[in-house]
**Student:** 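Sharing a structure below in structure tokens format, with a few things to ask.
In the text below, chain A, chain B and the rest are named by the order of the sequence lines, each starting its count at 1. No experiment lies behind these values; they were computed from the predicted model shown.
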There are 2 protein chains.
Amino acid sequence: MFSLSEENYLKSIYHLEAIHGKGISTNSIAKKLETKASSVTDMIKKLAEKEVLVYKKYQGVSLTTLGRKEATTIVRKHRLWEVFLVDKLNFSWDEVHDVAEQLEHIKSPKLIDELDVFLGFPKMDPHGDPIPDKEGNFQKIEKRLLSTLEEHKTGICVGVNDSSSDFLKYLDKNNISLGQKIKVLSKESFDGSLTILIHSKEITISKKISNNIYIQ
Amino acid sequence: MFSLSEENYLKSIYHLEAIHGKGISTNSIAKKLETKASSVTDMIKKLAEKEVLVYKKYQGVSLTTLGRKEATTIVRKHRLWEVFLVDKLNFSWDEVHDVAEQLEHIKSPKLIDELDVFLGFPKMDPHGDPIPDKEGNFQKIEKRLLSTLEEHKTGICVGVNDSSSDFLKYLDKNNISLGQKIKVLSKESFDGSLTILIHSKEITISKKISNNIYIQ
DNA sequence: ATAATTTTTTAGATAAGACTAAATATTTTT
DNA sequence: AAAAATATTTAGTCTTATCTAAAAAATTAT
């Protein structure tokens with residue numbers, strides 16, 4: 001059984017491994033969890049004893065199979081709760097994160113599997129992220145950043161890279177949502193900003209924005 | 001904002017006040033929470049500083065209006081989640097308590113009010129206990145213990161006094177559920193056991209059982 | 001009303017998890 | 001390859017919530 005804190009470490013390391021591969025540094029974990037590197041060292045030692053990750057002084061950490069399984073379960077719970085909040089309780093996609101962050105720590109295998117049934121085994125959460133099934137498997141969808149799309153080409157928004165309320169509200173304001181067609185009209189080479197066509201309206205978005213939108 | 005531990009103290013004191021009135025003893029709180037009296041003293045001081053209860057050394061404690069409001073909210077959350085688990089996720093009434101005990105601590109006013117809407121503003125939880133509304137009001141239902149019913153009289157089961165899985169499973173096994181008609185055929189004066197008619201079947205139940213069933 | 005018992009509080013200790021500051025490794029720069 | 005900069009770990013402290021053991025107050029019994 002893992003504490004709330006341990007679960008949050010596992011989840012963060014899992015997400016960091018998805019981006020950077022094995023060998024996650026103490027500092028990057030500290031940044032992600034908004035804590036201090038010294039706290040991370042302490043916790044890492046504890047988690048290594050529980051055999052959910054491998055740790056060698058001054059080298060990064062890597063999840064074991066056991067650790068990855070545990071982390072996947074937490075991610076599954078988080079994303080299923082997000083679907084519940086949006087589909088059943090009228091939450092918008094920018095309101096779900098903080099609540100799901102709490103709900104993901106509820107311990108009850110029956111709860112989460114019945115929730116999955118109740119929701120109709122959804123494959124995606126409201127931000128386009130895949131939901132692992134009971135066994136921890138999920139489909140990896142093809143996607144690329146909007147910022148990599150060439151001029152005059154069109155893509156369909158399939159996900160976001162940042163689930164903060166601020167960013168999602170910005171997207172809402174500009175009518176950018178999942179399934180939305182986006183055409184790149186022009187690219188400014190100086191700052192990487194894009195002028196795009198969305199809902200037959202032209203808008204210009206910064207590189208930072210286009211770096212957080214996934215298309216297909 | 002209250003910690004998980006503080007919330008559990010508030011809830012226990014609230015339930016104890018409902019039975020014994022104001023002035024709850026350190027020891028009774030300790031028993032209810034399965035902790036030590038010394039721990040209770042510590043926590044009581046803390047809660048008194050937060051003005052959710054009144055505490056005077058060597059005298060019991062009483063909730064303030066603020067404290068009662070906070071406790072009512074926790075009870076509301078607990079009971080709404082129980083309804084959700086039974087109505088939507090196929091839990092039986094003996095499986096909900098432990099999970100609801102976790103869910104009641106999730107912090108999000110929107111979550112609980114939307115859940116209330118989603119469930120259709122239920123007035124009762126699966127054990128027949130009333131659910132406080134958004135303002136903290138709930139209807140107090142008339143009820144008495146089955147053990148107080150006279151011989152040859154009939155009542156309808158409207159609640160239970162113990163929500164432990166063991167007790168509820170016993171009731172299931174004997175076809176005793178909410179709304180069920182129960183007729184007392186005879187009362188054994190020696191040990192208080194009752195022979196009752198339920199579902200046109202005669203069964204004998206101990207005093208301890210009849211002391212945990214509410215009828216109307 | 002005094003003794004015995006029970007209840008409650010105090011004092012001091014412990015564990016989890018976080019922090020600061022200092023020490024030690026490692027990496028990067030020059 | 002030494003110096004500078006960065007990253008990581010260690011050592012010691014703090015907070016929250018708990019515990020045990022002992023002291024103090026209140027209650028009950030004689």
**Student:** Please determine, by modelled atom types, if Ser92(B) and Asp94(B) share a side-chain donor-acceptor pair under 3.5 angstrom.
**Tutor:**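 Asp94(B) and Ser92(B) do have a side-chain donor-acceptor pair below 3.5 Å.
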**Student:** Expressed as a whole number of angstroms, how long is the span from Met43(A):CE to dA18(C):P?
**Tutor:** 5 Å
**Student:** Please give, in whole Å, the distance from dA7(D) P to Ile29(A) CD1?
**Tutor:**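 In whole Å, dA7(D) P lies 14 Å from Ile29(A) CD1.
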**Student:** Measuring to OP1 and OP2 of dT6(D), would you say a side-chain N or O of Asn27(A) lies under 4.0 angstrom away?
**Tutor:** no
**Student:** Expressed in angstrom and rounded to an integer, what is the separation of Lys56(A) atom NZ from dA7(D) atom P?
**Tutor:**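 Result: 22 Å.
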**Student:** List for me each residue that meets side chain to side chain contact (heavy atoms under 4.5 Å, CB included) alongside Gln102(A), sequence neighbours excluded, and say none if there are none.
**Tutor:**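 Gln102(A) satisfies side chain to side chain contact (heavy atoms under 4.5 Å, CB included) with Ile106(B), Lys107(B) only.
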**Student:** Using whole Å, what does the distance between atom P of nucleotide dA16(C) and atom CE of Met1(A) come to?
**Tutor:**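 Going from Met1(A) (CE) to dA16(C) (P), I get 16 Å.
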**Student:** Among dT18(D), dT7(C), dT9(C), which nucleotide sits nearest the side chain of Ser5(B)?
**Tutor:**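 Nearest to the side-chain atoms of Ser5(B), counting from C-beta on, is dT18(D).
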**Student:** Under 4.0 Å from OP1 or OP2 of dA16(C): is there any side-chain N or O of Tyr9(A) that close?
**Tutor:** no
**Student:** Tell me if the NZ atom of Lys143(B) is crowded by more than 12 foreign heavy atoms within 6.0 Å.
**Tutor:**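 Yes, the 6.0 Å shell around NZ holds more than 12 heavy atoms from other groups.
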**Student:** How would you list, by chain and number, every residue that makes a side chain to side chain contact (heavy atoms under 4.5 Å, CB included) with Lys110(B), sequence neighbours excluded?
**Tutor:** Phe91(A), Glu95(A), Ser108(B), Glu114(B)
**Student:** When the distance from CD of Gln59(B) to P of dA26(D) is rounded to whole Å, what number comes out?
**Tutor:** 8 Å
**Student:** Which pairs, with at least one residue in residues 37-85 of chain A and sequence neighbours excluded, count as a ring-ring contact (aromatic ring centres under 6.0 Å, His included)?
**Tutor:** His78(A)-His97(A), Trp81(A)-Phe84(A), Phe84(A)-Phe84(B)
**Student:** Going 5' to 3' through nucleotides 19-25 of chain D, assign each nucleotide B (protein heavy atom under 4.0 Å from a base atom), S (under 4.0 Å only from sugar-phosphate atoms) or - (no protein heavy atom that close).
**Tutor:** BB---BS
**Student:** Using a distance-only test with no angle check, is there a side-chain donor-acceptor pair under 3.5 angstrom linking Ser164(A) and Asp166(A)?
**Tutor:**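 No, no side-chain donor-acceptor contact under 3.5 Å.
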**Student:** Which part of the nucleic acid, if any, lies within reach of Lys31(A) when heavy atoms closer than 4.0 Å are counted: base, sugar-phosphate only, or nothing?
**Tutor:** nothing
**Student:** Please list, chain by chain and in numerical order, all residues satisfying side chain to side chain contact (heavy atoms under 4.5 Å, CB included) with Glu51(A), sequence neighbours excluded.
**Tutor:**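 With neighbours one apart ignored, the set is empty.
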**Student:** Taking NZ, NE, NH1 and NH2 as the nitrogens, is one of them in Asp113(B) or Arg76(B) under 4.0 Å from a carboxylate oxygen of the other?
**Tutor:** yes
**Student:** Looking at Lys45(A), does any N or O in its side chain come under 4.0 Å of the phosphate oxygens OP1/OP2 on dT10(D)?
**Tutor:** yes
**Student:** Does a sphere of radius 6.0 Å around CD in Glu150(A) hold more than 12 heavy atoms from other residues, nucleotides or ligands, not counting ones at 6.0 Å or beyond?
**Tutor:**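 It does: Glu150(A) CD has more than 12 such atoms within range.
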**Student:** Could you identify which residues of residues 12-25 of chain B place a heavy atom less than 4.0 Å from some atom of DNA chain D, listed by residue number, or say none?
**Tutor:**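 The stretch gives none, as no residue of it lies under 4.0 Å from the strand.
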